[in-house]
Every structure is written in structure tokens, then in C-alpha cells.
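Take this structure first; my questions come after.
FYI, the numbering just counts along the sequence from 1. Ligands are counted one by one from 1 in listed order, and the atoms in each one are counted from 1 as well.
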Amino acid sequence: MVPTMGALHDGHVSLVAEARKHADHVVVSIFVNPTQFAPHEDFDAYPRTLDADMARLGDTADIVFAPNAREMYPDGYATTVTVAGPAHGLETDFRPHFFAGVATVVAKLLIAASPDVAVFGEKDYQQLLVVKQLARDLALPTDIVGAPTLREADGLAMSSRNAYLAPQERAVAGRLNLVLKDVIASARSGSLREAEAAGIEALYKAGFDHVDYVAIRDAATLDHVAALEHPARLLAAARIGKTRLIDNMSI
Ligand code: PAF
């Protein structure tokens, strides 16, 4: 299974190709999940392109499950799944509602489809760890597989939200991955906290309006790390105009 919110791009297509390596039959879900958006966020504006999505999937998906909100959350719906552990901090500091919405809908989708394997993009690295935790803790019979981030020619991580960017903003957005590479280089040769602080400053200089975080964390738990002794992950979130971008890289 490949759970998505639609507005499919090449990154999603690569997730479907990854799923096909593990399975004879692939289900793609397309559902813009209201419970993972706060009231002030972009739920209404989120692109809904079901016909184009179906055309893009062609016969790469055996089943497309595109429920409406009433099917997923009928009147009287009252259950929320919350995950602690890797859901703590980072995205949660800025989008406190987010992982409860994701965990709830992913639990419902995985229970409904009961797939052997579900593929999630590393682009949403914290989400990937949260979903792994969810599947482990609820003993869901599904292996959660992470697939690498696909990038545009200038290194911008592919995301449905890139469509919001005006041309000038798109040029700024392309700097995010370059700043992250610089942060990794400084972290390897000096203080992790100084590397993070330099990354935040570089993003403001590049034209981002607000930097939510640039953080080096343990790659498996997202715990704080003082040194690069175990596999680590650099994660960042920053806003340009109304668009919020996230990215991450392994260290
Ligand atoms: O990554 C996404 O597109 C969504 O968060 C997901 C996993 C489909 C849940 O709505």
C-alpha cells in the first residue's frame, strides 16, 4: 500500500515503484485527511487532482482507494490514535495536531487494506518513524518501508506543496537543500549546535521568512544528540510566504 493525499508527482510514482518491488498487488490511497490539518492550515487549498492522479498512476496501481471524509470519519466518529516517542518535538512543536491526524488515518488505512508492506517517503522522515512506531506498537501485520526522497534538478525535495511557490519563492526554496549540505559539512568538523545555528542564519539570508527548526537528531529515535556517534539525521522546516517546506538528510 502507498498512502497519499493525492496531487501525485514523481516522488509518489517512485513510492509506487518501490511498493511493486515488494508486492504483487499495489493499493494507492488518495485522501486529503482533514484531521492532520489545523484550522489555519491549507486543507481547503490543498490540491485535489483525482483525475490527473488516476491518469498518472495508470496501471501501476491495482486499486486506488479514494474515500471521502464521511467514509473515513462518519457522524459520531470519536477515536484518535496518538503516538509518543518519535512524534515528540520537531513537527509537533509547530503542528501539535499533526501526528495524531496522521497516525489515526494511517491506522485506519492499514487496518482497512491490511497490506503486507506499506511504503512512506523519507521526505517526511519524522512521519516515517511515527508510522513505524504505530505499526510496531499496535502489532499491525504490515512492514513499513521507507523510500528515498526524489529531488528536482536544483535539489528541492519533491512535494505537492511546491506547487504553491511563486517563481521568486521557488528560487529561494531551491536553497534549502544546499544549506542542509553545508550544515552537514560543518557538523562533521565542529560543534553540532553551531552548525544548526549557522544553518538557521543561512536560511534567513537565502530569503526564507521563518525558520521553524534546523536540528540534528538520532536517526532512529529523533532524540537529541551531542555528537555524531551513531547514525544521525538533519531535519529542517522553514516557511516562504504561505508555504512551509520540510527536508532532511542522513549524516
Ligand atoms: O504523507 C502524506 O501524504 C500523509 O501524511 C499520509 C501519510 C498519506 C496520511 O494522510
Do the side chains of Arg161 and Asp42 get close enough for a salt bridge, i.e. N-O under 4.0 angstrom?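 Result for this pair is yes, salt bridge flagged.
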Using a 4.0 Å heavy-atom cut-off, which part of Val131 comes near ligand 1: side chain, backbone, both, or neither?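 Val131 to ligand 1: no contact under 4.0 Å from either part.
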Salt bridge or not for Glu91 and Arg244, using N-O below 4.0 Å?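 Yes.
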Could you list the atoms of ligand 1 found under 4.0 angstrom from a heavy atom of Thr4?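 Atoms satisfying the 4.0 Å criterion: 8 (C).
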If the threshold is 4.0 Å, N to carboxylate O, is there a salt bridge linking Arg56 and Asp10?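 Here Arg56 pairs with Asp10 in a salt bridge, since their nearest N and O are under 4.0 Å apart.
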With Arg239 as the cation and Phe208 as the aromatic partner, state whether NZ or CZ is under 6.0 Å from the six-membered ring centre and within 45° of the axis.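 Checked: cation-pi criterion not met.
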With atoms numbered from 1 as shown, which atoms in ligand 1 lie under 4.0 angstrom from a non-hydrogen atom of Val105?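 Numbered from 1, ligand 1 contributes 9 (C), 10 (O).
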Report the residue from Leu176, Leu156, Leu235 that forms a side chain to side chain contact (heavy atoms under 4.5 Å, CB included) with Asp247.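 The single option meeting the side chain to side chain contact (heavy atoms under 4.5 Å, CB included) with Asp247 is Leu176.
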Shortest protein contact, atom 3 (O) of ligand 1 (heavy atom only):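 Residue, atom and distance for the closest contact: Met5 CG, 3.6 Å.
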Gln127 versus ligand 1: do any nitrogen or oxygen atoms come within less than 3.5 Å of each other?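 Between Gln127 and ligand 1 (N or O atoms, distance only) the closest approach is under 3.5 Å.
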So which protein heavy atom does atom 10 (O) of ligand 1 come closest to, and at what separation?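 Its nearest protein heavy-atom neighbour is Gln36 OE1, 2.6 Å.
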